[in-house]
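Chain letters run A, B, ... following the sequence lines, proteins first, then strands; residues in each count from 1. Being a predicted model, the structure only gives us computed values, none of them experimental.
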2 protein chains.
Amino acid sequence: MKLSTKGRYAVTAMMDLAIHDRDGPVTLADISNCQGISLSYLEQLFAKLRQTGLVEGVRGPGGGYRLGKPANQISVADIVVAVDESIDSTRCKGNLDCNKGERCLTHHLWNDLSNRLYDFLDGISLSEFIKDPEVRKISRRMDSTASRIANMFPPVSKAS
Amino acid sequence: MKLSTKGRYAVTAMMDLAIHDRDGPVTLADISNCQGISLSYLEQLFAKLRQTGLVEGVRGPGGGYRLGKPANQISVADIVVAVDESIDSTRCKGNLDCNKGERCLTHHLWNDLSNRLYDFLDGISLSEFIKDPEVRKISRRMDSTASRIANMFPPVSKAS
DNA sequence: ACAATCCTTACTAAATTAGTAGGGTATTAG
DNA sequence: CTAATACCCTACTAATTTAGTAAGGATTGT
């Protein structure tokens, strides 16, 4: 388990997708504009997200990305793992005996913690965040302005 | 909140200190040997740990490091924050309006998550790990075999 | 056809992480 | 006192990761 800016970008981008899920696909250009990172870097991240089925690309005009699964089936851990390849937990594996085997228990402890952290993040789904009252408020305001646009690009059927 | 190998080194090192707290100070050389990282790098980490009062250096022959506070008053979050300076959460602050202010809510959401993560890690203290049954078992075995040696060479045995 | 958008690859620059080197300072056993 | 131990500090380097650039495809709605 590792958590860096890369993971943060991925998680916030996925939040964005979750919030606008009903309004049709979200373009990377929008996210790039919002988060202030380059389009290409986002494309790298989304390549991984797509490979793991977390997002689904929609090509052509009016296209973009949408969630690959329902928001309540996507956990924060899923996202972090998809983009932030995990840490190599032990260095003294096998060849080194770690001070006559006695001290290796700290690695066991770390694994313990790492698992707990994973479980914690795995218990938080994207859908939880949309329930946040403050988000609902803002989101509703958005809907009124965006729904007309959404009518021009109506909900595309799941062509897959 | 950020979590990298640096944080892992610090946390495992602190676990080591917590386990051997009764046996006197733990030397960086021992930890270096255990974790397979250089002494100098450890010294850099421990400089930060010392500055935040998480550890206490004991100089002279037989010296080393010990916990700066009782193990139950040191959380994993404390350690991670001490060595892994936190992520800069927002880029579009102030000058950039984040898509007319609408999309900035993802940053709010990230903060929300980040706080939850912090609280989670803050709720895990070092003393919890020592209670781990498997650790107690190994730790006890160590004590019995090493305590006599430890009495002759008070700090720790590094015989080979 | 055309433009919007995803998709892919290759390369580069900046930042961070990890490690080295070498000097110093405080402590204490003998 | 002296020497050994071990903390403390600064500066440098190498490796890795992060972030960005560039350029070109592929797909699809209008």
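- Stem analysis of DNA chain D (at least three stacked-register Watson-Crick or G-U pairs, each with both distances under 3.5 Å) gives C:1-30 with D:1-30.
- Within the 4.0 Å cut-off from OP1 or OP2 of D:dC8, at least one side-chain nitrogen or oxygen of B:Tyr65 is found.
- Side-chain proximity of B:Ile37 to the nucleotides D:dC9, C:dG19, C:dT17 is greatest for C:dG19.
- The side chain of B:Arg59 places no N or O atom within less than 4.0 Å of a non-bridging phosphate oxygen (OP1 or OP2) of D:dT5.
- Regarding A:Tyr9, its OH atom lies at a distance of 18 Å from the P atom of D:dT17, rounded to whole Å.
- The shortest distance between the side-chain N/O atoms of A:Arg8 and the OP1/OP2 oxygens of D:dT18 is not below 4.0 Å.
- B:Glu43 contributes a side-chain N or O that forms a donor-acceptor pair with the base of D:dC9 under 3.5 Å.
- Within 4.0 Å (heavy atoms only), A:Leu39 reaches no atom of the nucleic acid at all.
- Proximity of B:Thr27 to the phosphate of D:dC7: no side-chain N or O atom is located under 4.0 Å from OP1 or OP2.
- The listed nucleotides are D:dT28, C:dT28, C:dG19; the one nearest the side chain of B:Pro61 is C:dT28.
- Note on A:Phe46: nothing from the nucleic acid sits closer than 4.0 angstrom, heavy atoms only.
- Place A:Gln51 and A:Gly60 on DNA chain C by their nearest nucleotides, and A:Gly60 ends up nearer the 5' end.
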